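Here the structure is laid out as structure tokens; the discussion comes afterwards.
Note that the structure is predicted; figures quoted are calculated from it, not measured.
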Amino acid sequence: MTALLAERATEVVSAAQHLLTKRMGAPVKLSDPIELGGSGRTTVLRVRVAENAFSLPRTLIVKQLRGAAQDRRVGGLVPGVASIDAAFLREAVSYQFTTALSSRHRPGAYLLAHDIPERLLILSDLGENAALTSVLRSGAEPASRNALMAFAQAMGRMHAATVGREPDFVALLRRVDVVHRVDGIAQQAEAAIGEVPGMLRRELNIDVPGEIAERIVAGNRLFSAGRYRAFSPSDLCPDNVILNAEGARFLDYEWGGFRDATLDIAYALVSFPGCLCDVELSRERARQLVEAWRSEVVGVWPALADDAVLAERILEARLIWVWLTTYWFLPADHARIAAAREHGLSIPRSAALINRWAALAEDARCTGDDILGDFAEHVSATLEELWEE
């Protein structure tokens, strides 16, 4: 750990000790910080609980967004909220919400304490684990299959446990600041509706048929409505999924919120569109993934027992994800491309877009949707021609 990181870690540990001591009503001492990464503005540490008068876990995870010490303004309903990122507020609320779930249905760590003005979260430690990225990159079987099945089942359990609880989540959001109730991913999807047709025309000389445009508008509503609404961490890329003795667990709730759950299972089928990665799924492996998820949610959504209904809903969700990933990565916009997470599954944006449109075409044809199949195939072929020149 560099001197700069060591100084930062000391500050974060001190803030965490102060928060826990205040919350517990007795001194708590933390030691041995280990840096676990984080974004450029976020520090994430594993710390050991050296002294405490209570039954705290032996180790904890401390996460702090930088900037707390420089800002003491008052805004919204909570001191300091006006200047705090919406993403941090949403993550804090998401952890509050999921901590109230039973341990079996909780999708990740639980929240022990938080301080919004200090931009500080103290979480349980999920212990020894492996990142889904590492397992999939290895390509080893049956480990890759088992990891994907555990991922789908954990996602389904989370969905089933949170159906009908959106008012609770919204109430928590209102406590911090109603302004931040807007879902950032939904905003980007809304922007993609208007901008992607122009992109396709400029870059590929492709006009979007009216029927496809109407379906994009309908699919976009899955972010704000839909029959199958449940909680989602939203950023379900492989780097944010870990595997331990309890199965799959999800990290990073900065985009957490409620949306149609078919968006989550489709996210995996589209090869995690928020990343520039490619996870090859055979038709059989994709079917197994969907079945693992459906087995957990069919009890709360009996309509999904119908294969035709399920296929139609997933195709709709796949379409909006492919549309959104086109919005993110089709233009040579270095800021958007740089924002994509780089890891061992990353591929060039050209390959990612070609593969995603081609897979959408195949899935559409398998469900008898030749209109979408023809359009997706045309886009994929045109992209291939463009980037082969």
- line: Looking only at heavy atoms, the pair that brings Thr162 and Ala230 closest together is OG1-CB, 3.6 Å
- request: Might you point out which heavy atoms bring Val135 and Ala143 nearest each other, and give the distance in Å?
  value: CG1-O, 3.7 Å
If we count only N and O atoms by modelled type, under 3.5 Å, do the side chains of [X] and [Y] hold a donor and an acceptor together?
{"X": "Thr367", "Y": "Asp369", "result": "no"}
{"X": "Thr21", "Y": "His18", "result": "no"}
{"X": "His159", "Y": "Trp301", "result": "no"}
{"X": "Thr59", "Y": "Arg46", "result": "no"}
{"X": "Thr325", "Y": "Arg356", "result": "yes"}

message: I'd like to know whether Arg8 forms a salt bridge (charged side-chain N to carboxylate O under 4.0 Å, His left out) with Glu35, so could you lay out the CA-CA distance, the side-chain angles of the two residues, the decisive distance to 0.1 Å, and finally the verdict.
response: CA-CA 10 Å; Arg8 175 63 185 157; Glu35 186 188 15; over 6 Å; no
message: Angle between ring planes, Phe250 versus Phe151, binned at 30° and 60°: parallel, tilted or perpendicular?
response: perpendicular
Side-chain touch [X]/[Y], heavy atoms, less than 4.5 angstrom:
{"X": "Leu200", "Y": "Asp207", "value": "no"}
{"X": "Arg48", "Y": "Leu30", "value": "no"}
{"X": "Leu126", "Y": "Leu251", "value": "yes"}

- request: Dump the intermediate steps for side-chain hydrogen bond (donor to acceptor under 3.5 Å, both in side chains) on Glu377 and Trp357, then the final yes or no.
  value: CA-CA 7 Å; Glu377 190 174 281; Trp357 278 102; over 6 Å; no
Should [X] and [Y] be counted in the same cluster of Ile, Leu, Val, Met, Phe, Trp and Tyr side chains packed under 4.5 Å apart?
{"X": "Leu101", "Y": "Phe169", "value": "no"}
{"X": "Leu353", "Y": "Leu386", "value": "yes"}
{"X": "Leu222", "Y": "Val217", "value": "yes"}
{"X": "Ile242", "Y": "Leu345", "value": "no"}
{"X": "Leu319", "Y": "Val208", "value": "yes"}

Look only at the side chain of [X] and the backbone of [Y], and say whether a donor-acceptor pair between them is shorter than 3.5 Å.
{"X": "Ser380", "Y": "Ala376", "value": "no"}
{"X": "Trp323", "Y": "Val196", "value": "no"}
{"X": "Thr133", "Y": "Asp239", "value": "yes"}
{"X": "Thr262", "Y": "Ala317", "value": "no"}
{"X": "Glu91", "Y": "Tyr253", "value": "yes"}
{"X": "Gln153", "Y": "Trp293", "value": "no"}
{"X": "Arg349", "Y": "Leu330", "value": "yes"}
{"X": "Trp321", "Y": "Ala266", "value": "no"}
{"X": "Arg23", "Y": "Leu112", "value": "yes"}
{"X": "Asn355", "Y": "Ala351", "value": "yes"}

field: Trp255-Phe88 aromatic ring centre distance below 6.0 Å
entry: no
field: Check: Tyr95 ring centre within less than 6.0 Å of Tyr110 ring centre
entry: no
- prompt: Salt-bridged, Arg259 to Asp264, with N to O below 4.0 Å?
  reply: yes
task: Apply ring pair (Phe, Tyr, Trp, His ring centres under 6.0 Å) to the pair Phe97 and Phe231, showing each step before the final yes or no.
output: CA-CA 9 Å; Phe97 176 77; Phe231 177 79; 5.5 Å; yes
query: For the side chain to side chain contact (heavy atoms under 4.5 Å, CB included) test, which of Leu19, Leu120, Val13 pairs with Val62?
result: Leu120
Around atom [atom1] of [X], are there more than 12 heavy atoms from other residues, nucleotides or ligands closer than 6.0 Å?
{"X": "Glu284", "atom1": "CD", "result": "yes"}
{"X": "Arg227", "atom1": "CZ", "result": "no"}
{"X": "Arg283", "atom1": "CZ", "result": "yes"}

Nearest 0.5 Å, please: how far is [atom2] in [Y] from [atom1] in [X]?
{"X": "Leu281", "Y": "Gln288", "atom1": "CG", "atom2": "CD", "answer": "10.0 Å"}
{"X": "Thr382", "Y": "Asn205", "atom1": "OG1", "atom2": "CG", "answer": "9.0 Å"}
{"X": "Asn220", "Y": "Leu324", "atom1": "CG", "atom2": "CG", "answer": "8.5 Å"}
{"X": "Asp260", "Y": "Phe223", "atom1": "CG", "atom2": "CZ", "answer": "10.0 Å"}
{"X": "Arg145", "Y": "Leu136", "atom1": "CZ", "atom2": "CG", "answer": "13.5 Å"}

task: In sequence, state the C-alpha distance, the side-chain angles, and the governing distance for Arg106 and Thr98, and then conclude on side-chain hydrogen bond (donor to acceptor under 3.5 Å, both in side chains).
output: CA-CA 6 Å; Arg106 191 178 299 132; Thr98 57; 6.0 Å; no
task: Report the C-alpha distance between Arg157 and Arg104 in whole Å, list the side-chain angles of each, state the deciding distance to 0.1 Å, and finish with yes or no for side chain to side chain contact (heavy atoms under 4.5 Å, CB included).
output: CA-CA 8 Å; Arg157 285 194 296 271; Arg104 179 176 183 272; 3.6 Å; yes
message: Apply salt bridge (charged side-chain N to carboxylate O under 4.0 Å, His left out) to residues Glu166 and Arg229 and explain how you reach the verdict.
response: CA-CA 8 Å; Glu166 188 168 8; Arg229 288 181 70 74; 2.8 Å; yes
message: Pair Glu141, Arg285 - check salt bridge (charged side-chain N to carboxylate O under 4.0 Å, His left out), show working.
response: CA-CA 12 Å; Glu141 294 292 354; Arg285 181 59 53 84; 3.3 Å; yes
- prompt: When you take the SG atom of each Cys, Cys237 and Cys277, is the space between them under 2.5 Å?
  reply: no
